[in-house]
Amino acid sequence: MATDHIRNFSIIAHIDHGKSTLADRMLELTGTVSSRQKRDQMLDSMDLERERGITIKASAVTMRYEHEGREYMLNLIDTPGHVDFHYEVSRALAACEGAILVVDATQGVQAQTVANAYLAVHNNVEILGAINKIDLPAAQPDVVGDEIEHVLGIRKNECFRISGKSGIGVPELLEAVVTLLPPPKDRSDEPAAALIFDSLYDEYRGVICYVRVFAGCLKPKQKIRLMGAGRSYVVGELGKFTPQMTPVDQLGSGEVGYVVAAIRDLHDVHVGDTITDDIHPAPKPLPGYVAPMQMVFSDFYPGNMTDYPKLRAAFERLSLNDASFTFIPQNSPALGFGFRCGFLGLLHMEIIQERLERENDVDVVQTAPTVSYEYKTTDGGVKRIDSPSELPDRSAIEEIREPMVKLEIITGVDSIGGIMRLAEGRRCKLVKTDYLSPTRVMLEYTAPLAEIVYDFYDQLKGISHGYATMDYEFLGFEAADLVKIDILVNKNIVDALSLIVHRSNAEHRGRKLLIKLRKAIPRHQFEIPLQVAIGGKIIARESIKPFRKDVLAKLYGGDVTRKMKVLKRQKEGKKRLKSIGMVQIPQEAFMSILDTGED
Amino acid sequence: MTAPSLYVHIPLCVRKCPYCGFYSEPVAQHNPARLVGALAQEVRQTVRDPQVPTVYVGGGSPTCMPMDLLGRLLYEITRTVRGFEEFTVEANPGQVDRPILQFLRNIGVNRLSLGGQSFQPQELKTLGRLHTVEQIVEAVEMAREVGFENIGVDLIFAIPGSTMESWRANLKRAIDLGVTHISTYALTYEEDTPLTADRDAGRITPIDEETDREMYELAIDMLTDAGYEHYEISNFARPGFACRHNLGYWANRPYNGVGPSAASHIQRRRCTRIADIRQYIHAVENELDPIAEIQETSALEFACETAVLNLRRIRGIDWAEYRATTGYDAMDLFAAVIEEHRKNGMLTVDDSGIRLTRPALPIADSILCDFSDIDD
């Protein structure tokens with residue numbers, strides 16, 4: 001198809017602003033799916049996505065649309081709406097010429113609206129504004145229009161007023177996709193260059209690459225090369241998502257579709273990589289490729305040592321369809337054999353956790369999330385560590401650097417005070433305050449990732465009664481006065497509980513931690529000392545008193561079945577504990593470590 | 001192979017005590033004559049081998065029934081079984097007089113278990129007991145006079161309002177009474193009892209754990225000093241007077257339980273009877289099976305039960321006895337668990353077997369639970 005009859009676009013929005021519903025309506029209006037076969041949120045294919053109402057993996061669908069007697073091919077590229085998947089959003093946008101920015105008429109501009117809009121601008125994508133859910137009683141399209149104009153610079157009167165649910169305004173919006181968004185450039189004469197903007201693993205076909213062809217064309221049996229990875233394959237099948245996978249005999253310049261090339265391992269394919277012809281390659285890859293960077297880490301140990309191979313198999317399965325998740329074997333002296341897992345962010349971690357529990361019958365003990373650090377050695381070298389326990393002795397270190405992020409929070413003016421206090425306590429530096437309207441404000445901070453990685457978001461929601469939204473973006477590593485604190489349980493350092501914190505916070509954090517541990521570790525047959533140490537110096541201590549009485553008064557003939565059940569339950573409870581220096585530590589104890597909440 | 005022991009359950013009381021979690025109903029709302037008829041019939045049907053080693057008639061309060069009915073039941077039992085070495089009847093101190101005791105003794109009952117619970121009037125009131133302190137003393141004296149040599153008294157400690165002093169006094173009274181057997185139970189807050197509701201509503205304050213433990217330790221010290229042998233977590237007896245019937249439970253030997261809610265355990269099969277007096281009577285009278293639940297235990301489950309039960313005894317698990325009972329070697333089954341608890345000072349291990357150490361007794365469940373199943 002001629003490129004001027006193609007439109008490639010995304011819908012970008014804050015979570016729950018109605019992106020998936022709008023996409024469904026478009027699929028219906030273009031006859032891509034009949035309303036009979038449609039399921040709500042067509043584009044969310046994983047159960048988990050559908051259940052959580054969020055889109056984890058980008059997805060693409062090709063629609064046929066008639067305008068003024070001519071047929072157009074509209075490629076809708078779906079994007080994840082969450083902070084952790086910035087890079088994937090960015091690659092999806094790089095595959096488009098246009099984007100529809102959806103803002104909920106009852107919620108207004110939110111942190112991810114802003115982040116996504118900036119990403120679109122950054123990728124030179126033309127934006128159509130759409131104010132959604134205008135049929136709700138609480139809708140304030142005028143106010144929201146002002147916000148969009150003020151923050152995003154899209155003229156209020158150019159915003160479409162729509163309802164994805166009822167379909168109001170959606171036909172007009174679809175027409176605007178054709179009339180207002182630019183077509184792709186025709187570069188069919190150049191050597192093939194296609195951007196991989198997503199990939200998934202299919203048990204039968206191997207890796208399926210989602211691609212946008214920028215130049216030349218791809219055909220079945222063609223020998224192709226992944227320019228970043230430097231590996232060659234032969235195309236087995238090409239096709240489009242309609243939304244089922246429908247094979248085609250070529251993907252031409254400007255088109256969007258999928259490529260199957262007998263690639264067995266998802267890790268050989270990186271989002272952002274360029275596919276080119278192996279014999280007549282493009283002179284250079286398409287711009288913007290970055291390897292995914294894991295910023296949040298957590299250790300997973302099998303609840304039962306014999307489950308170690310089972311846990312490994314589970315992680316292998318999970319990484320088959322998520323290349324941005326990493327896991328490396330870990331041997332903790334305190335906890336035995338496990339895995340250190342890397343995630344793009346907290347939501348990403350939660351998703352993996354849930355899938356691990358849902359799809360695999362493995363009991364795991366998980367440590368609290370931490371971030372990567374860098375340290376400069378006295379001889380000038382810089383090293384990156386993913387776990388506090390990897391930090392060498394203080395004498396060998398010149399400085400410790402922590403990851404910093406640009407943090408944007410949008411909130412109502414009435415909760416500014418509380419949020420500023422929260423941010424202050426987390427070492428965040430206010431960079432900018434911007435009023436979106438007389439009642440709503442955007443705060444921009446430079447923040448240490450470590451301080452927002454655990455419960456910052458929950459606290460933010462609490463302070464703002466659920467109204468504040470946030471987004472963050474990695475800036476780089478920055479030196480800070482950081483120290484490693486060690487936790488000793490029954491005089492043994494539990495390396496999995498070691499923590500890197502700011503010196504000014506060390507004692508306070510340590511004490512709170514001990515109080516939490518004291519609550520989380522069950523009483524034992526003996527007294528258990530709990531201590532916090534910095535470099536061998538004890539800075540705080542607590543103790544867990546032993547339990548004194550735990551015995552059934554009576555056990556006679558008629559009670560045996562019932563009492564055996566009680567004892568088995570008691571034993572089951574012990575099983576979820578990890579034994580360290582004769583002390584049994586439950587999983588909550590590990591999680592409580594970073595819980596800085598005031599309770 | 002010895003025949004199973006026999007337990008007969010009489011789930012009737014004048015009034016149920018507020019702490020009691022067992023199945024029991026007020027005697028006034030039932031027809032005890034029909035119940036006795038059904039019990040006698042079930043005893044006849046159940047006991048295949050009359051060489052029953054021990055008989056135990058418990059409740060409820062067997063003595064809340066009119067004497068002629070209790071007499072008829074006991075007569076039926078003695079007609080059915082023979083050769084028993086121990087025949088216990090539980091008695092409420094407020095419900096016995098000399099003729100009843102004389103009758104029990106004459107018919108062949110040779111062990112009396114008295115639910116004394118406390119020698120403090122206030123504590124008896126808290127427990128909702130219907131007898132007085134004096135009645136306990138009188139019952140023991142009368143029982144002895146009519147020829148009972150083996151008399152046991154139950155005592156409850158950690159009663160709300162009790163103190164170390166009141167507990168010490170209780171123990172002393174029991175010792176001074178010269179009974180041959182003393183069971184000491186910490187008051188437990190069973191589910192769905194008025195006592196537990198009172199606790200949950202804050203109307204009563206349970207004794208703290210530390211005091212509970214001290215009371216238990218005091219019982220061990222005072223009773224062993226007085227010449228009682230501590231032979232099970234909660235049980236003490238003059239030498240030779242340990243309760244053989246209960247020792248059978250802790251050895252995991254077979255027994256038949258007859259009566260509403262009673263349990264039997266024969267060849268790894270546990271049967272629980274209907275826990276409803278009327279339904280039970282109806283079933284027996286109509287020659288229907290009064291069984292409500294049957295549970296088959298695997299050989300391994302049986303081995304675990306046996307370990308838990310054996311460890312309730314102060315002599316613990318005896319290697320040879322255990323092997324004879326279960327077919328398993330206890331050390332093979334529980335090596336890791338035994339080693340862990342031995343290291344922590346909770347188990348003594350030697351050539352004859354394993355047993356809980358003194359510090360392990362108050363926290364026995366935290367050790368026993370590790371024997372409750374086998375990790376795969």
Worksheet item: When only pairs under 4.5 Å are counted, which of B:A364, B:A262, B:S366 shares the most heavy-atom pairs with chain A?
Response: B:S366

Discussion item. Under a 3.5 Å distance rule, please check whether B:R213 uses its side chain to pair with a backbone N or O of A:R548 as donor and acceptor.
Written reply: yes

Fill in: A:D550 side chain to B:D365 backbone, donor-acceptor under 3.5 Å
no

Item to complete: Count the heavy-atom pairs under 4.5 Å between each of B:Y56, B:W250, B:Y216 and chain A, then report the option with the highest count.
Response: B:W250

Discussion item. Could you check whether any side-chain N or O of B:Y7 sits under 3.5 Å from a backbone N or O of A:G557, counting only pairs where one atom can act as donor and the other as acceptor?
Written reply: no

Practice prompt. Search all heavy atoms of B:A186 against all heavy atoms of A:A553 and return the closest pair with its distance.
Written response: O-CB, 3.7 Å

Discussion item. Could you check whether any side-chain heavy atom of B:V308 comes within less than 4.5 Å of a side-chain heavy atom of A:M564, counting everything from C-beta outward?
Written reply: yes

Practice prompt. Name the option with the most non-hydrogen atom pairs under 4.5 Å to chain A; the candidates are B:E301, B:H245, B:E340, B:R270.
Written response: B:R270

Discussion item. Let's go through B:E305 and A:L567 carefully: what are the C-alpha distance in whole Å and the side-chain angles of both, what is the deciding distance for side-chain contact (heavy atoms from CB on, under 4.5 Å) to 0.1 Å, and is it a yes or a no?
Written reply: CA-CA 10 Å; B:E305 272 175 19; A:L567 289 172; over 6 Å; no

Worksheet item: Between B:L368 and A:Q570, is a side-chain contact (heavy atoms from CB on, under 4.5 Å) present by the stated rule, with each step listed?
Response: CA-CA 10 Å; B:L368 261 52; A:Q570 187 169 350; over 6 Å; no

Fill in: Heavy-atom contact with chain A under 4.5 Å, split by part of B:N235
side chain

Discussion item. Classify the ring geometry of B:Y185 against A:Y556: parallel below 30°, tilted from 30° to 60°, perpendicular beyond 60°.
Written reply: perpendicular

Discussion item. I want to check something: taking the side chain as every heavy atom from C-beta on, are A:V560 and B:H265 in contact at a cut-off of under 4.5 Å?
Written reply: no

Discussion item. Check this for me: does any side-chain nitrogen of one of A:K549 and B:E209 sit under 4.0 Å from a carboxylate oxygen of the other?
Written reply: no

Worksheet entry | Most contacts with chain B, counted as non-hydrogen pairs under 4.5 angstrom, among A:K563, A:K545, A:R523 | A:R523

Item to complete: For the residue pair A:V551 and B:R312, establish whether any side-chain heavy-atom pair is separated by less than 4.5 Å.
Response: yes

Worksheet item: Under a 4.5 Å heavy-atom cut-off, does chain A meet the side chain of B:L361, its backbone, both or neither?
Response: backbone

Worksheet item: What's the verdict on side-chain contact (heavy atoms from CB on, under 4.5 Å) for B:D373 and A:K571, showing C-alpha distance, side-chain angles and the deciding distance?
Response: CA-CA 8 Å; B:D373 64 11; A:K571 187 184 174 194; 2.7 Å; yes

